[in-house]
Amino acid sequence: AARNYLAVQGVLAGDQALPPLQIRSLVRAERSSGQTLLTVTCDGETLPLLHVKEHGKGKIAYLASLDSPALTQRVIEWLGGPPPLKVDGPEGAQAVLTRQTRQKRWIIHLLSDGDCEISVSRTCVSASKVTTQFPPSGWTYRAEPATDTLHIQVEGNAQDRLLVLE
């Protein structure tokens, strides 16, 4: 049965408390070295939820449960930085970002049909505008550059859609 682990504490919680997490499984592990960055409390017992250890030039992160996709995403972004591309839309909306070095451009391949919103991190992607769409008809986009992000609103149901960014 799922247990409600409350009082998430640690660096990812910041100034705002994280909501209670419904955890169906929590793997208990012995801490040997490194630092516990997040803990959860259940029935008065404090348990490690996220443990990190430095290894070489990187870090190894152990997340004791994957029952909260939002928390997993937050941990990944905290450890590795924000993703260069975010897609918001209907469930399953996906896109792939590819760099074409010789042509000095980026390609967004929309894998899903339908409307969506795309955010491109300008700190990761050196592009400020959309220069081409394929296919050229059957769908539309509107791009709005901001300081750190290029926001792209996509509408329509054309298949195999591509956006070229420069």
Would L50 and T36 count as a side-chain contact (heavy atoms from CB on, under 4.5 Å) if you check the C-alpha gap in whole Å, the side-chain angles of each, and the deciding distance to 0.1 Å? CA-CA 6 Å; L50 174 65; T36 299; over 6 Å; no

Run the numbers on W106 and Q100 for side-chain contact (heavy atoms from CB on, under 4.5 Å), then give the verdict. CA-CA 6 Å; W106 295 84; Q100 292 185 329; over 6 Å; no

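From C116, atom SG reaches atom CD of Q153 across 7.5 Å, with rounding to the nearest 0.5 Å. With rounding to the nearest 0.5 angstrom, the CG atom of L85 is 11.0 Å from the CD atom of Q94. How far CG of L97 is from NE2 of H109: 12.5 Å, rounded to the nearest 0.5 Å. Of the inter-residue distances, the one linking Q133 atom CD with R161 atom CZ reads 10.0 Å to the nearest 0.5 angstrom. If you take CG on D113 and CH2 on W139, they are separated by 11.0 Å, rounding to the nearest 0.5 Å.
Of the candidates V164, I152, V87, T98, I108 forms a side-chain contact (heavy atoms from CB on, under 4.5 Å) with just one, namely I152. Of the residues listed (L163, I107, L162), the one engaging F134 in a side-chain contact (heavy atoms from CB on, under 4.5 Å) is L162, and it is the only one.
Distance alone, capped at 3.5 Å, is enough to place a donor-acceptor pair between the S112 side chain and the G92 backbone. A donor-acceptor contact shorter than 3.5 Å is absent between the side chain of H51 and the backbone of A64. A distance-only check finds no donor-acceptor pair linking the side chain of T39 to the backbone of L47 [under 3.5 Å]. Side-chain N or O atoms of N157 include one that pairs as donor or acceptor with a backbone N or O of G114 at under 3.5 Å. Judged by distance alone, the side chain of D115 and the main-chain N or O of G156 form a donor-acceptor pair under 3.5 Å.
Put simply, Y62 and L37 are part of two different groups of oily side chains (I, L, V, M, F, W, Y) that touch within less than 4.5 Å, one to the next.
Closest approach of R105 to R99, counting heavy atoms only: N-NH1, 3.0 Å.
At most 12 non-hydrogen atoms from other residues, nucleotides or ligands lie less than 6.0 angstrom from CD of Q159.
Under the side chain to side chain contact (heavy atoms under 4.5 Å, CB included) criterion, E144 pairs with R142, sequence neighbours left out.
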Please report, to 0.1 Å, the donor-acceptor pairs under 3.5 Å made by any side chain of residues 118-130, with sequence neighbours excluded.
| from | atom 1 | to | atom 2 | distance (Å) |
| --- | --- | --- | --- | --- |
| S121 | OG | T123 | N | 3.4 |
| S121 | OG | T123 | OG1 | 2.7 |
| R122 | NH1 | A146 | O | 2.8 |

